[in-house]
Each structure stands twice: as C-alpha cells, then as structure tokens.
Participant: 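Mind looking over this structure? Questions follow.
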Amino acid sequence: MVNALTEEVRVRYAPSPTGFLHIGNARTAIFNYLFARHAGGKFIIRIEDTDQKRNVEGGEESQLTFLKWLGLEWDESVDVGGEYGPYRQMERLDIYKKYWKELLDKGLAYKCYCTPEELKAEREEQMASGHTPGYSGKCRHLSEEQIAHYEAEGRKPTLRFRIPGDQKIEFDDIVKGHVTFDSSAVSDFVIVKQNGVPTYNFAVVIDDHLMKMTHVLRGEEHISNTPKQILMFRAFGWEPPTFGHMTLIVNENHKKLSKRDNSIVQFIEQYKNMGFLPEALFNFITLLGWSPKGEEEIFSREEFIKLFDADRLSKSPAMFDKSKLEWMNGQYIKKMSKEDYVQMTLPYMVNAGLIPAEMTDEQRDWATRVVLLYQEQLHFGADIVNLCDMFFNKDVVKTDLTKDEQKILEGEQVKDVLSVFDRELRALTEWTAEAIAPKIKVTQKETKQRGWKLYMPIRVIATGSAHGPELPEALELLGRDLVLKRLENYLSTEQTV
RNA sequence: AGGGCGUUGGGCAAGUGGUUAAGCCAAUGGAUUCUCAUUCCAUGAUCGCGGGUUCAAUUCCCGUACGCCCUCCCA
C-alpha cells in the first residue's frame, strides 16, 4: 500500500482537440503544471477526443505545440508515452467498454432509446412550463418487450447512468471550499453515446482513476459535473481525486471567454504571431486567478514553481486585461538582449514591407539601429511597425499638421532656429549623430533659444512628427538628403509667405 | 425555472474580528527629458445592499440584489 502522505502527486491537463490552444486552456495547463512541479509530482496531458464531430484538424497538435512554446513540459502524453497509456481517449474504447458493461450488469446503468428529437422536445416543454430541464427517466424501467420493440424499430440505444435518489454529494474543493449537491439535482445522464463512444463525464472518471490522478484542477464550468463524476466513482467503489475548480476568465462584458468571442484575442498562436514573448504570457496568465504573497508581479517559471500554492487560487472571476498584458510584455522586452530584440523585431518590418528580406550589411545596420531606438517602449513585436513609422515617411512637405505641431511652428523663433540649424548642417562633412548633436548646440548659442523652443521646431520639420526618439540619432538615420530637403522646403516657402 | 459559485477603487488583487484597507495595470496631475516613451512622486475604495452576533465586522451568520457557470448522445 502506498502511504497517502508519500503518494506522488499526479495531475493532468485534458484538452479536447476541438480547437487551438487559447488563454483559458493555457491557464488550466499552467496551473496543473505548476501544481505538479511544486509538489515534485507528475504532469500528464490526456487528449479527450470523444466528440468526433467537433474535433478539428490540427487541434491536438496546436495544443501541444503551443504548450511547449509557453515553456511547459510533461511527463506522460501521446507524444512521450507513459505507463498509463494510451493517452488519447479514442484509443481507449476497449477499456471503457469493460467498465460500462460492468455498470450495465449491475443495473447501475440502463439503455435509453429516446431519440435526440424526443429529448429536445421534452426539454423544451420543461423549459416552457417553467420546470427544471433534465431527463425524465422515461427509459429507466423498460420491459424486455419494450426493448425488443425499440430494437425492432432499428433504434440504437444510449447508455444512461442511473442516479441514486436522495444522496448528498459533498466534496472539499481546493478553491471553493466545501461544496454540497443533492443527487436529485442531477438527472440520469448519458455515459455512452449511440455510436458506442463514451461521453466526457464517463471517460473522465475511468481515466482519472486508471491514470491514478490525485488532483483535478479544472475550470469552474466543471463544478456541476463534479457530482456526476463523484457518483460514478462511488458506483465503481473508487476513491475520487481531490478537486479544485478555478475561476473563469471573463471578457470585458464579464462573460466567460469563449472560442467564438472576438472581443479578445484568444489563441496563444495569435499572441506568438503578434510578438508576445512566451515568458510574458506565462507570467500574465499565471496571474489570472492566482496571486503570490508579496508585491512583485514579474516572475520566472522557476520562481512560480517554487511559489505556487493552490490555496492562493482566487474564487472570483479574473478579467482579461489586455493593457496589463501589453505592459508586462513590455517589461520582458526591455530585458531582452539587443541581439534577441533585433532578431524578434526585424521580421515584422520585413512583413510590413518596410525593409527587404534580403539586405546588404548597410541596410541591415540601418534597420537594426532604427529598431533599437524603440526597445524601451515596445509592447509587442508587431507594434514596431507603427512605432518606427517616421523612418519610412519620405514626404518632404509636411501636410496635415496636428494642433500641437501648429502651435510649435507658430513660434516667432522658428524660422531663425531652422535657418541657423540648416546652415550648420550643410557645413557638415560627416553625417552622424555625434556630429549633428553639436550643431544643435551651436544653434542654441546663436539664436539664444533652448529647450522646447529649440528642439521642437527642428523635430517637427526635420522628422515630420512631434514625437520620436532622440533627435541627433533620428536625424542621422533619416538621412542627410531628406532632412536637408525638408529644411530647405520649409525655409523657402516660409520666405515667400 | 432549478442547482452551484461569486461580489474589496475603472480592470486585477492582498488582507485582517479592533488606530492610516498592500501591490500591479489603467486614468489624471506633477517632476525630469526637446517630444513620445522611460523613470520618479502624487491622486482616488468606508470592502454590493439590509439585518443579526459582538464592546467592535470589510473580515462570522442570515436574508436580499446583481452577475456568472451548469442543467447537451460538448468537453
């Protein structure tokens, strides 16, 4: 016998391949992973593919690929094997069969010949008359004759679990505390579909038992499935695992995040494509419904493993806060090495058509310097394209002035500043930030303008924008030709006014 | 309709039966900087509502409102 105290923790993430890995999936996986690693236990991934109609091509692969990308590793699954396989439910049909036959033999399950249409009509009637929807139990006590009759009609039965009446179902939920249900609230549910494939509520019990799961951490939407599953564990005489139901993640409308919800970017792949870093996403997602003790917000995977404590899971729903995600990703971007940062951002520039895929060394150096200008403020990779916009606008004449820009150019010192600066720049033999910077100083001395009044007119006219990175380097990267043309254009047109 | 769960500033969220209810994001104001950004400082909640227990409740109990989830031959 294994001592309960030394029993190894075993938890699982059990996705159905009906879609790609999204935020909610990832969180469930991460929490299970953290829980297992913190306890020195095992983390298993089991594929729950019993709904063949909804399975999507590539769903399973997406789950594993992006979990890996997020930095998770697992001990047993379809790809790495393990001693409790197979880990894909459709490959376990024979196993399930043995158990549902047992229930049938014991009279704990029965055949139901109702058609989906009949059940639907029944449900609608119940709803309309204000009753609680649920299976009526019509086929609970079919006679041999009736069964023969249905069979003769060619009906194929489903198998339903016989819910015992008047039972209290109680469990201590890691997150929610003591939860109580009455078996009367649960109606006889289908455990094997017409096509012979078990339903979720049946397969999950068999698998969790056979795979020796000690804890089940899942989304709160499963809390009302728990009494069904506990009843099933009881029917087999098995010890149920310890349950923990994590709060839902909701959108800005306080609705559960669903795959079809377009108000929030859902899929991990999309975040990857937008240039979010796996460490940042991991960090952010882990803080959705869980919080550590102190005041820190930024943690590495290793720190989370050390800190993770299921007692600190929150009971109330977590809202997905996109701006916080962006902030957090920005924190990670700031910490990247220059090399990694450049390697991450340049492809976005190429994709946007701002720079060619094949570059000369000179072009590459230039693009690298441009991109590097924004490391401090970039929130996610794809945003670099917007940030460095001014380096790709070659217009000599500035049109559509904003209010701020108009105000800047209205200053009486503007022409003076720009003409002096223009003259100084033209005298330059070398076009570098180091050479340009002193020329601003010269302009300052000669015009007696400084600060805002000195820099802003130069910035607006030479760069075409009131905002941007450090002026000398910006001017260098913009290039001598463009800058001088813009100054010339401004000064000549101003004179004619 | 029934069952379950939840409710702390705009969004998260810590926390405690008892003088000033952490922190993060956002917003606003300010400092620094040529601007944006960065950095720093500042600003804001009587803890859904009502009642009860208690010397004392945001923290315990009851009720109520609101919200969400489930009630599928989905998982």
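Everything numeric in this text was worked out from a predicted model, so none of it was measured. A, B, ... follow the sequence lines: proteins, then strands. Residue 1 opens every chain.
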Participant: Is A:Trp452 near enough to B:C34 that one of its side-chain N or O atoms lies under 4.0 angstrom from OP1 or OP2?
Facilitator: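 Checking B:C34 against A:Trp452, no side-chain N or O comes under 4.0 Å of OP1 or OP2.
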Participant: Classify the side chain of A:Lys324 and the base of B:C24 as holding, or not holding, a donor-acceptor pair under 3.5 Å.
Facilitator: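 Answer is yes: a donor-acceptor pair is held.
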Participant: Classify A:Leu248 by what it touches in the nucleic acid, base, sugar-phosphate, or nothing, heavy-atom distance under 4.0 Å.
Facilitator: sugar-phosphate
Participant: Would you say B:C34 has OP1 or OP2 under 4.0 Å from some side-chain N or O of A:Lys441?
Facilitator: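 Indeed not, no polar side-chain atom of A:Lys441 lies that close.
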Participant: Is A:Asp182 touching bases, backbone alone, or none of the nucleic acid, heavy atoms closer than 4.0 Å?
Facilitator: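 No contact.
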Participant: Using a 4.0 Å cut-off on protein heavy atoms (strictly under), produce a 5'-to-3' string for nucleotides 43-49 of chain B with B for base contact, S for backbone-only sugar-phosphate contact, and - for none.
Facilitator: -------
Participant: Select base, sugar-phosphate, or nothing to describe what A:Ile458 touches, counting heavy atoms under 4.0 Å on all strands.
Facilitator: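 Touches nothing.
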Participant: Is the NZ atom of A:Lys193 crowded by more than 12 outside heavy atoms at less than 6.0 Å?
Facilitator: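 Counting other residues, nucleotides and ligands, NZ of A:Lys193 exceeds 12 neighbours.
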Participant: Please work out if A:Phe189 contacts a base, only the sugar-phosphate, or nothing of the nucleic acid, heavy-atom cut-off 4.0 Å.
Facilitator: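 Nothing, no heavy atom under 4.0 Å.
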Participant: Looking across every strand, which nucleic acid part, if any, lies under 4.0 Å from A:Pro317 by heavy atom: base, sugar-phosphate, or nothing?
Facilitator: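 Sugar-phosphate contact only - A:Pro317 comes under 4.0 Å of backbone atoms but never of a base.
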Participant: Is it the case that more than 12 heavy atoms not belonging to A:Glu57 sit under 6.0 Å from its CD atom?
Facilitator: no
Participant: Does A:Glu279 pair with A:Lys335 as a salt bridge, N-O distance under 4.0 Å?
Facilitator: no
Participant: Measuring from the side chain of A:Ser316 (C-beta onward, heavy atoms only), which nucleotide among B:U7, B:U35, B:C5 has the closest atom?
Facilitator: B:U7
Participant: Could you work out which one of B:A13, B:U39, B:A22 sits closest to the side chain of A:Lys334?
Facilitator: B:U39
Participant: For the side chain of A:Asn225 and the base of B:A75, is some donor closer than 3.5 Å to an acceptor across the two?
Facilitator: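 Indeed there is one.
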Participant: For A:Tyr455, give me all partners under ring pair (Phe, Tyr, Trp, His ring centres under 6.0 Å), at least two apart in sequence or on another chain.
Facilitator: none
